[in-house]
Amino acid sequence: MRRPLVAGNWKLNGSRASNRALLEGLTAGLAGLSTEVMACPPYVYLAEAVATAEDSGLLIGAQDVAEQASGAYTGEVSAAMLRDVGCTHVIVGHSERRTLFGDTDERVAAKFSAAKAAGLVPVLCVGESLAEREAGTTEAVVARQVAAVLDAVGPQGLDGAILAYEPVWAIGTGRTASPEQAQAVHRGIRDQLAAADARIGTETRILYGGSVKGANAAELFAMQDIDGGLIGGASLDAQEFLTICQAAAGRDS
Ligand code: PEP
């Protein structure tokens, strides 16, 4: 049984005070939830977030990581630094990094490798644009993005990692993939992983992301291959996010 996970990607939002209040709201509501819950604040708040989350069970992840380990890379943050401040997870390949900051499949694979090498759990995001969906290339695009990482690290390199299917057209748009649309892509990803290694295919958690809210979470998480969510906008409201976490926990019962 894959334990559900709900992760909040806070993106470039909040202040020290507002982020602290959000974390406190989350940790207060976590008790007794069977799902894993993670928050991904901006880099500068990570160390404080780790301290605030201590003993609550809330996982703290970063939104991105350098592909390099150290050196003359101004502005970058390494995987070892993230570990050093107590992060356990890191998002790689978010569509905003791919489309706005030029992260190619190869760079995403290098970031994934860097995360693994430092002992972080990578959360690998994949997903097609609207034009790609309308052109009927969704499966091919997602398979290519997954293959880039599989080729770089091998099937065993995926052990313990998390995938997130996030159709670009659904991120921050209020337009969600239907449960059936999402399930079809999740199934395809799982089949691709299983073809490389049966255990990895069965055990890897695949999250859905793209305008998930309290109102639509349960129907998405009810699908067989959707193991939780990666949440943007709705993760900035503690009550809304906790409602989503409860919907994921309901998947277990
Ligand atoms: C995201 O940024 O990963 C995301 C899914 O955003 P939203 O939930 O706002 O669509």
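Order of appearance sets the numbers: ligands from 1, and atoms from 1 within every ligand.
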Check your understanding: With sequence neighbours left out, which residue pairs that include part of residues 140-158 fulfil the salt bridge (Lys or Arg N to Asp or Glu O under 4.0 Å) condition?
Key -> D105-R144
Electrostatic pair [X]:[Y] at N-O distance under 4.0 angstrom:
X    : Y    : value
E96  : K11  : yes
E48  : R20  : yes
D103 : R98  : no
R190 : D227 : yes

Review point. Between the side chains of E128 and W169, is a donor N or O closer than 3.5 angstrom to an acceptor N or O?
Key: yes
Review point. For ligand 1, what is the set of protein residues having any non-hydrogen atom at a distance below 4.0 Å?
Key: N9, K11, H94, E166, A170, I171, G172, G209, G210, S211, L230, I231, G232, G233
